[in-house]
Amino acid sequence: MLVPEIVPGPARPEGTVRESMRSEGTVPERNGRPLVEARGLTKHFPLRSTLLARALAGARDRTVHAVDAVDLEIYPRETLGLVGESGCGKSTLGRTVVGLYPPTAGQVWFDGQPLWGRRSLNPRTLRREAQIIFQNPYSSLNPRHTVRQIIGVALAQRGVPLADREAETIALLRRVGLNERHIDQYPHQFSGGQRQRIGVARALAMHPRFVVADEPLSSLDVSVQAQIVNLLQDLQADLGLAYLFIAHDLSVVFHVSHRVAVMYLGRVVETAPTAELFGNPLHPYTQALLSAIPSVDRRHRRQRIILEGTVPTPIEPPPGCRFHTRCPRRQPGCDVEVPALITVAGQGPSAHRVACHLYAPGEDTA
Ligand code: SF4
């Protein structure tokens with residue numbers, strides 16, 4: 001199996017990702033019911049053209065098909081990695097899953113309760129239970145607030161009495177590798193990694209069970225990335241958190257995820273336990289993504305698959321299989337019929353599912 005490298009250069013104890021059991025197929029204990037479940041989840045954004053553009057160029061309103069008919073489950077204490085090229089809808093899916101965006105269609109359940117419609121989960125409960133760690137720690141923290149104020153807002157939302165907030169803030173800072181000296185400092189006085197730790201502390205202040213980590217490493221140095229990965233893994237082990245870990249770096253996803261979902265142009269095209277997906281990718285898009293990972297082990301090098309053409313716009317996604325305009329294994333009919341996400345091996349959390357006309361349910365995938 002191809003094992004991606006995560007940290008180039010000399011190993012440093014504080015700057016390397018510790019050996020993860022996850023990529024070897026170890027999965028957390030599951031009580032059978034997902035903590036988060038999405039069915040047919042769709043999010044479209046209308047693009048309204050201006051009156052002038054309509055008058056001069058005949059422009060019409062259009063729609064961004066950011067997320068289309070996505071099914072996924074995330075179990076307690078597990079990390080689902082979500083990968084795909086920039087603009088494929090990963091962040092929109094993450095925000096829709098935690099209720100920041102209302103879906104255009106479909107539904108999300110949190111611990112069995114729907115987020116939308118009648119008998120939906122109380123939004124205040126959801127805000128406590130589900131949190132986001134944002135991509136950019138520079139812009140996600142209010143520059144005019146001290147750490148005390150930033151975390152204090154979250155503690156107030158959770159109903160922590162004013163008299164207890166300082167002690168809780170210090171405990172949270174220590175939990176993420178900072179300390180009480182930092183409590184009255186402003187975001188600009190911290191390094192990028194420290195700011196991301198503040199973002200993690202703010203999320204933890206709500207006592208969440210589910211965290212969407214939206215590209216939390218992409219603006220950090222490689223050695224700092226490893227420290228944040230270790231912190232997130234420690235928190236998961238200690239607090240039982242479930243993560244949706246969004247990233248475009250497959251090496252990181254391999255090391256942190258129990259399962260992986262691959263997105264292309266708004267749709268999930270393949271999902272499987274991490275070792276299964278990296279060892280036996282089925283969808284031509286996944287195969288192309290994995291072929292681009294550099295490996296120092298010559299035995300496991302794959303032949304690089306270069307995809308032709310550019311990613312189509314989500315404003316006018318191609319009909320049929322959305323990948324057909326770039327797929328090296330395109331078949332007659334791929335441009336007409338939308339392939340369903342079907343199970344080709346395993347079941348439940350161990351299922352390997354793929355959306356491609358090359359595969360039929362129960363087909364031998366070896
Ligand atoms: Fe390629 Fe057709 Fe499969 Fe789409 S359905 S990935 S175009 S072979």
Side-chain angles (χ1 to χ4, degrees), residues 1-2 4 38-44 63-72 80-90 92-93 105-106 246-248 250 253-254 257 259-293 302-347 350-366:
M1 182 180 65
L2 180 144
R39 291 283 169 254
L41 195 61
T42 299
K43 183 62 191 173
H44 293 170
T63 300
V64 178
H65 299 248
V67 174
D68 261 316
V70 166
D71 294 345
L72 58 79
L80 176 69
L82 183 62
V83 298
E85 291 162 294
S86 291
C88 72
K90 303 186 297 292
T92 301
L93 177 56
I246 300 171
H248 59 264
L250 288 163
V253 167
F254 176 85
S257 306
R259 291 187 300 126
V260 178
V262 181
M263 263 188 106
Y264 184 80
L265 209 56
R267 292 186 184 274
V268 169
V269 297
E270 185 165 7
T271 176
T274 305
E276 166 72 9
L277 188 110
F278 278 76
N280 184 28
L282 299 180
H283 196 281
Y285 177 60
T286 313
Q287 291 169 349
L289 278 185
L290 296 191
S291 77
I293 299 176
R302 296 178 197 273
Q303 188 181 358
R304 181 81 194 268
I305 301 170
I306 307 290
L307 294 178
E308 307 275 324
T310 54
V311 183
T313 167
I315 295 174
E316 289 180 26
C321 172
R322 290 188 177 177
F323 188 54
H324 83 260
T325 57
R326 303 167 77 200
C327 180
R329 301 175 68 189
R330 183 175 50 242
Q331 310 283 308
C334 285
D335 57 346
V336 177
E337 196 177 336
V338 178
L341 190 70
I342 57 166
T343 300
V344 292
Q347 56 184 334
S350 303
H352 191 159
R353 285 181 270 169
V354 63
C356 172
H357 294 312
L358 295 174
Y359 303 94
E363 187 169 309
D364 181 3
T365 60

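Counting starts at 1 for both ligands and their atoms, in listed order. When a residue number appears, it is its place in the shown sequence, counting from 1. In this text the structure is predicted, and so the values were computed from the model without any measurement.
Counting only protein N, O or S atoms closer than 2.8 Å to atom 2 (Fe) of ligand 1 gives 1.
At a threshold of 4.0 Å, the pair Arg330-Asp335 does not count as salt-bridged, since none of the basic side-chain nitrogens sits closer than that to a carboxylate oxygen.
Contact atoms of ligand 1 toward His283: 6 (S) (distance under 4.0 Å to a heavy atom of the residue).
When side chains are defined from C-beta on, Val260 counts as touching Phe278, because their heavy atoms get closer than 4.5 Å. Residues Gln287 and Arg329 meet the side-chain proximity criterion, which asks for heavy atoms closer than 4.5 Å.
Residues meeting the side chain to side chain contact (heavy atoms under 4.5 Å, CB included) test with Thr92, sequence neighbours left out: Lys43, Phe45, Ala66, Val67, Thr96, Tyr101. Checked against side chain to side chain contact (heavy atoms under 4.5 Å, CB included), Cys88 has the following partners two or more places apart in sequence or in another chain: Lys90, Met263.
Here side chain to side chain donor-acceptor pair (under 3.5 Å) pairs that include residues 261-271, with residues two or more places apart or in two chains, are Tyr264-Arg326, Glu270-Thr286, Glu270-His352.
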